[in-house]
Structure formats: C-alpha cells, structure tokens
Amino acid sequence: MPPVLNDIIIIGGSHAGLFAAIALQNAGFRVRVFERAPETLRGTGAGIRVQPLLADLLQREAQIDPARFATHTHFDRHLAPRRDSMQNRIVYEKAEDGDFASWGSLYRALLKRFGDDNYFCGESCVGTREVADKVEVNFAGGLCETADLVVFADGIASTGRHQLNPSARLQYAGYVAWRGMVAEAELSAETRALLKDARIFIVPELSHAILYPVPGEPGIDGAGEVRINAIWYRNVDARSDLDALMTDREGTHRATSIRAGLMKKRYIDQFRRAVEAELPPAAVEVFARSEPFVTTINDVEPSRMVFGRQVLVGDAAAATRPHVSASTARAMRAAWGLAAALSAAKSAGDIAANLAAWEREHVAIAQEFTDRGRMIGSRLQVEGTFVPGAPELTQITMPVER
Ligand SMILES: Cc1cc2nc3c(=O)[nH]c(=O)nc-3n(C[C@H](O)[C@H](O)[C@H](O)COP(=O)(O)OP(=O)(O)OC[C@H]3O[C@@H](n4cnc5c(N)ncnc54)[C@H](O)[C@@H]3O)c2cc1C
C-alpha cells in the first residue's frame, strides 16, 4: 500500500520556507507554514543576487515574473579603494548581466503566490516527535499540530537542525558583513550615474565591498523605488571584538545579525570613520545615508538533510558564505527536488529511499558551494590575492536545466 503522505508542515516562512511551500502545494500536497515572527516579515535591508536558475524556476514553475521583484544590471565595475585614489576611479569593468532582488521584494512575491490562508505567524516551533508515520510539532504558545512530514526552513540558527543534527554547528568565518541600504533618489547625480546599471566591487586591504541596485519592498517603500544595497565584509577577531560588536543597544547578544537601528552608536561611529578612510566617495555617500547593521558570516557544514519524516532545507540544512550568491537558488532547487521526490514516493514508492536520493544530491551541491565560498572568502579576507575578473573568484552561476 502506498504510504500516507498528504499533509506537510513547514517551519519558517522566509525564502526557503516559501519555495518549499509553493513547490509542495503545486505538487498537490496540503501545506501549512508556521513562522515565528508575529506578523508577515518586513525587509531586513538585504540584497539578493537572483541566479538564472532561480529566475527560471520561479517563472516556469511558480508563474512569478522576475521583473516583478528584481532589477537588472549590465556591468561589473571595480572602483579603487581610497588608498589608491581619492576619487571614484574605475579600475576594471566588464559587461556582465545580473538580476538583483531585495530581501523583501522576493519575499512579497513568494507570499503573494502562496497566499496567506495557510501561512501562520507568531508560532515558534520548540520541538517535534515522530509517532508512527506522523510527526507531532510543538509550538511555544502551546499549540500542537500533526503532519505526515515536516520541513524545517528555519534559517541559520535552526531549531530543527539543533534537535535533529546537533553536531552541525555554526562556524564563524572570521569576518562580518556591514550592510546598508538607501533610496537611489537620495544620492548625488554623480553617484547615481556610477552605481546605476552595475554591480560595484571595491577591494581595500583584506576586505571587500559590493554595491548594487535592488527594488524597494512593495507596500513599504515608494512604488517603483530603486534602492542601493551596500555590503562591506570586514575581519573581526572572534576572541577579542566580536561579542561586544554583536551585543545590541539593549544589551542582548545576537549570534548572527543585529537589525538596523539596534547597533551600538560607538560601533556605527567607528564604522563610518573606516568607510571615510578606506572606501571611494560613492560608497561613502551610500553608507553615510543609510542606517548600517551587521551580520556575522558563518559556515554550517553540509551533512544530513533527512531524518525519518523530517527534513531540513535552505540555511537550516547548510549555510554557505554569501560570496557564492546562490543560497536562494540552492534552496529553490532543493524545494523542487523535494516535491518531485515526495510525489514519486506518494504514488508508488518508498519515502525513505526517495528522500535518501534527494539528500545525496543536495548535500553534494551544498558542499560544492561551501568549498567555493570558503575559497573566495579566504582569497579576499585572509590572503589578499583577489584579482578582478579571475574566473575562479566569480560567483557560481547555477545553469538553467530543462
Ligand atoms: C550578507 C549576505 C548576503 C547574501 N547575499 C545573497 C545573495 O546575493 N544571493 C543569495 O541567493 N543568497 C544570499 N544570501 C543568503 C540568503 O539571504 C539566504 O540563504 C536566504 O534568504 C534563505 O534563507 P532561509 O529561508 O533558509 O532562512 P531565513 O531567511 O533565515 O529564514 C528563516 C525563517 O524561519 C523563522 N524561524 C526561525 N526559527 C523558527 C522557529 N523555531 N519556528 C518558526 N519559525 C522560525 C525565522 O523567523 C525566519 O523567518 C546572503 C546572506 C547574507 C548574510
């Protein structure tokens, strides 16, 4: 008799959770998403490079047109750091197409597609228990729900991973991302002209900065607004400075990210001084007009994704460094693969065997990305051997498969 497999609960309603929700719903499963945040998520001020694979899958399988949530650029442009020029001097330029979303523009497009009838906010999963062929899910507020399968898409600090695979831990990479976002319209004409239509790289001593345009978040930013997303990766010693930096204004220590507005003033002031000393005028202007915040850069070594009738996807399964710019595409591909594996298992086969094959494929992909991210991070942040345009240092492009 084919296994009972209809009802699926997803823990975490961000990108990976919504990819899985849409893919599984499309495949005919009953899907419910439980998100810890008290209400639908708002942009965290981040930008996302949209890989061709992600754009293609969203368009083909979810009927979401990338033009609705992404900007398009035509150049990669490198600017000299301040030590080499006081001006915005272009040191390298190459024609290169790129699509970029803001965190919020992608999230809103996904949520609109999934709908909010089965998207429940304010529910934080605290643990699960497999009972026969079901999984019981417990939430902090006392709710207990049962499903045939649970997908954990609860991010880099995943409760699911902690429970199911406790040896897979966050490993701090030795540097953090200082991030900022500003409306393009607020910038001077010279800066706008330089940043428009390009992904900008700047490589000061043992660090690197990236800037690119992204769409605003529908319903929050002005209609049609373009924003400039800026990231500066800076080394921070784990033994001496990290804990203090990652303690917010209210005295709470955050392992992975402090939101804009909650950084201690002393660190913002230090950061702004470093920006003026090391980055070219265009980047100084962007960071000066934004409210900077910090995310630590970590690896979570890929190992296992399947634990009986519970699976991990997205950053919960493995977190790779952002230099590869493909975590969302990886999560999307895993979501579609999961829907195919479960559909096949539902009609004929063996859930365990199908999930094991899915796991082998996606752990291998995550491992490739982890290794590539570490190599790029090391060349930029440790060795200082970055060469503009070097093929081994460009991000992975996940090709579209048909
Ligand atoms: C600096 C930086 C730059 C990046 N740039 C790119 C890029 O260019 N391209 C790219 O593809 N990726 C990029 N990424 C990675 C990308 O942001 C993530 O991989 C992507 O957003 C997928 O995240 P996720 O859904 O797995 O996790 P998250 O976005 O972290 O979502 C997890 C969700 O689960 C919820 N949750 C957590 N615990 C619980 C619980 N117990 N119960 C219920 N809900 C819970 C959280 O509230 C959250 O909404 C970048 C990351 C960083 C840090």
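These figures come from a predicted structure and were not determined experimentally. Indexing begins at 1, ligand by ligand and atom by atom, following the structure's order.
When Gly155, Ala331, Ala20 are checked for heavy-atom proximity to atom 27 (O) of ligand 1, Gly155 turns out nearest. Summarising the contacts of atom 7 (C) of ligand 1 with Arg36, Glu35, Arg49, the nearest heavy atom is found in Arg49.
Applying side chain to side chain donor-acceptor pair (under 3.5 Å) to Glu217 and the options Arg227, Arg108, Arg42 leaves one that passes, Arg108.
What sits closest to atom 42 (N) of ligand 1 on the protein, heavy atoms only, is Cys125 N, 2.9 Å. Looking at atom 3 (C) of ligand 1, its nearest protein heavy atom turns out to be Pro322 CB, 3.5 Å.
Side-chain contact between Thr146 and Val137: absent, with no pair of heavy atoms (C-beta onward) separated by less than 4.5 Å.
Only the backbone of Ala153 comes within 4.0 Å of ligand 1, judged by heavy-atom distances.
Polar contact check, Ser327 against ligand 1: a nitrogen or oxygen pair lies under 3.5 Å apart. In terms of polar-atom proximity, defined here as any N/O pair under 3.5 Å, Arg179 makes no such contact with ligand 1.
Each of the following atoms of ligand 1 lies closer than 4.0 Å to a heavy atom of Ala16: 24 (P), 25 (O), 26 (O). Near Phe34, the atoms of ligand 1 lying under 4.0 angstrom from a non-hydrogen atom of the residue are 43 (C), 44 (N). Close contacts of ligand 1 with Thr295, meaning ligand atoms under 4.0 Å from a residue heavy atom, involve 53 (C).
Distances shorter than 4.0 angstrom occur between a heavy atom of Glu123 and an atom of ligand 1.
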